[in-house]
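Please read the structure below before turning to the comments.
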Number of protein chains: 2
Amino acid sequence: MDAEAIKRSLESSGLRCTPQRYAVMAFLTGQSRHPTAAEIFEAVNRVDPRSSRATIYNNLRDLVEAGLVREVAAEGRAARFDAKGTRHHHFICDRCGKVEDVDWYDVSGPAPGYLGKRTLRECELIFRGLCAKCSSRRVPPRSSS
Amino acid sequence: MDAEAIKRSLESSGLRCTPQRYAVMAFLTGQSRHPTAAEIFEAVNRVDPRSSRATIYNNLRDLVEAGLVREVAAEGRAARFDAKGTRHHHFICDRCGKVEDVDWYDVSGPAPGYLGKRTLRECELIFRGLCAKCSSRRVPPRSSS
DNA sequence: TCGATACTTTAGATTATATCTAATTTGAAA
DNA sequence: TTTCAAATTAGATATAATCTAAAGTATCGA
Ligand SMILES: [Mn+2]
Ligand SMILES: [Mn+2]
Ligand SMILES: [Zn+2]
Ligand SMILES: [Zn+2]
């Protein structure tokens with residue numbers, strides 16, 4: 001996603017393309033990891049323009065509301081964020097907690113009526129297990145052997 | 001799940017069945033909601049035995065480690081907990097954030113090789129949309145009309 | 001161009017959530 | 001009983017997120 005595309009996506013969501021907001025969005029689109037607010041804060045403040053902590057949080061809130069970014073559902077202390085580029089699922093490692101992207105495939109939704117009066121918008125899959133790195137190790141990290 | 005069953009499940013996980021630990025487990029098994037640590041704290045302290053905040057957190061940690069309780073993957077400030085009774089999926093409301101149980105059905109897992117070198121343990125399905133209550137309302141809550 | 005106005009950013013204070021510490025208490029086994 | 005690891009506790013501390021009030025900035029119409 002190039003600079004112009006980011007600018008357009010912000011403006012078509014009714015958000016001004018301020019330098020600080022752009023920086024958050026640009027950083028997120030360039031990441032396949034799932035950074036926390038603190039990590040985003042650090043990253044955008046390594047280059048101009050600098051942003052205050054409140055601005056990082058304000059912009060993340062605005063971007064999530066606008067549907068350009070999602071807050072990833074995962075356990076753990078700090079919220080993690082993800083630019084909504086191409087649809088994908090997530091793999092969460094039982095051991096190291098890393099959240100990795102997995103190519104999207106359409107999930108066989110529930111049978112009609114299964115969800116009662118609820119209105120379904122989407123089905124998201126979360127895979128759990130060991131990531132490639134953790135799979136290749138024999139011994140759990142906490143083991144003293 | 002009756003008292004004896006809870007006691008057995010704790011002990012077969014190598015955990016002492018202390019009054020405080022039992023109280024947390026008993027409360028969680030009786031809930032279809034997904035309470036936060038603060039809600040559990042409040043609930044168990046309405047009856048004896050009382051537990052300190054640290055004990056609630058200690059026991060939740062122990063129960064999650066033992067596999068008797070899971071921390072629910074959902075957005076939002078405080079972690080939510082769920083006794084692992086019968087398997088089920090979750091429906092998360094876009095609007096009010098409520099996490100509701102949905103009967104389990106087996107998810108068509110990814111094709112072999114899809115996940116590369118990762119080791120898959122389970123597929124969890126998260127449905128998103130509007131819960132029954134929010135579906136029946138016309139106007140979004142923030143609208144000023 | 002000018003002023004009005006709404007949007008945005010900011011530092012620091014505040015609140016909310018979770019963990020740590022060090023001193024007891026408890027309970028099962030010897 | 002005595003012993004000792006496990007568990008509990010109050011309060012301190014750490015971490016994450018939000019709030020506040022003041023100042024800065026873009027946009028619009030006159
Ligand atoms: Mn992702
Ligand atoms: Mn549940
Ligand atoms: Zn891993
Ligand atoms: Zn709802």
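Keep in mind the model is a prediction, meaning the values are calculated, not measured. First the proteins, then the strands, lettered A, B, ... as listed; each starts at 1.
Counting all heavy atoms, side chain and backbone alike, A:Cys17 lies closest to A:Lys7 at SG-CG, 3.9 Å. The minimum heavy-atom distance between B:Ile126 and B:Ala73, with the atom names listed, is CD1-O, 4.0 Å.
A donor and an acceptor atom never sit less than 3.5 Å apart when one is taken from the side chain of B:Arg53 and the other from the base of C:dT17.
For B:Leu60 and C:dT17, the CG to C1' distance is 13 Å, given to the nearest whole Å. Summarising the geometry, the separation between CD1 on A:Ile56 and P on D:dT15 is reported as 20 Å, rounded to the nearest angstrom. Taking atom CD of A:Glu39 as the reference point, atom C1' of D:dA17 lies 16 Å away to the nearest angstrom. For A:Asn45 and C:dA11, the CG to C1' distance is 13 Å, given to the nearest whole Å. Taking atom CZ of B:Arg80 as the reference point, atom P of C:dA18 lies 10 Å away to the nearest angstrom. Distance, B:Glu65 CD to C:dT19 C1': 14 Å, rounded to whole Å. Atom CZ of B:Phe41 is separated from atom P of C:dT19 by 16 Å (rounded to the nearest Å). The separation between B:Tyr57 atom OH and D:dA14 atom P is 17 Å, rounded to whole Å.
Using a 4.0 Å heavy-atom distance criterion, B:Ala38 is classed as making no nucleic acid contact.
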Using a cut-off of under 3.5 Å, enumerate the N/O to N/O pairs linking the protein to nucleotides 3-8 of chain D.
from, atom 1, to, atom 2, distance (Å)
D:dA6, O4', B:Arg16, NH2, 3.3
D:dA7, OP1, B:Arg21, NH1, 2.8
D:dA7, OP1, B:Arg21, NH2, 3.4
D:dT8, OP1, B:Thr18, OG1, 2.5
D:dT8, OP1, B:Gln20, OE1, 3.2
D:dT8, OP2, B:Asn59, OD1, 3.2
D:dT8, OP2, B:Asn59, ND2, 3.3
D:dT8, O3', B:Gln20, NE2, 3.3

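Take the nearest nucleotide of DNA chain C for B:Glu11 and for B:Thr36: the residue whose nucleotide is more 5' is B:Thr36.
Under the salt bridge (charged side-chain N to carboxylate O under 4.0 Å, His left out) criterion, the residue pairs touching residues 12-28 of chain A are A:Arg21-A:Asp62, with sequence neighbours excluded.
For B:His89 (side chain) and B:Val102 (main-chain N/O), no donor-acceptor pair under 3.5 Å exists by modelled atom type.
In this structure, the nucleotide among C:dC20, D:dT18, C:dA11 sitting nearest to the side chain of A:Ala54 is C:dA11.
At least one cation-pi condition fails for A:Arg70 and A:Phe81: the charged atom is not both under 6.0 angstrom from the six-membered ring centre and inside a 45 degree cone around its axis.
With sequence neighbours left out, the side-chain contact (heavy atoms from CB on, under 4.5 Å) criterion links B:Asp106 to B:Trp104.
Aromatic ring centres of B:Tyr57 and B:Phe41: separated by at least 6.0 Å.
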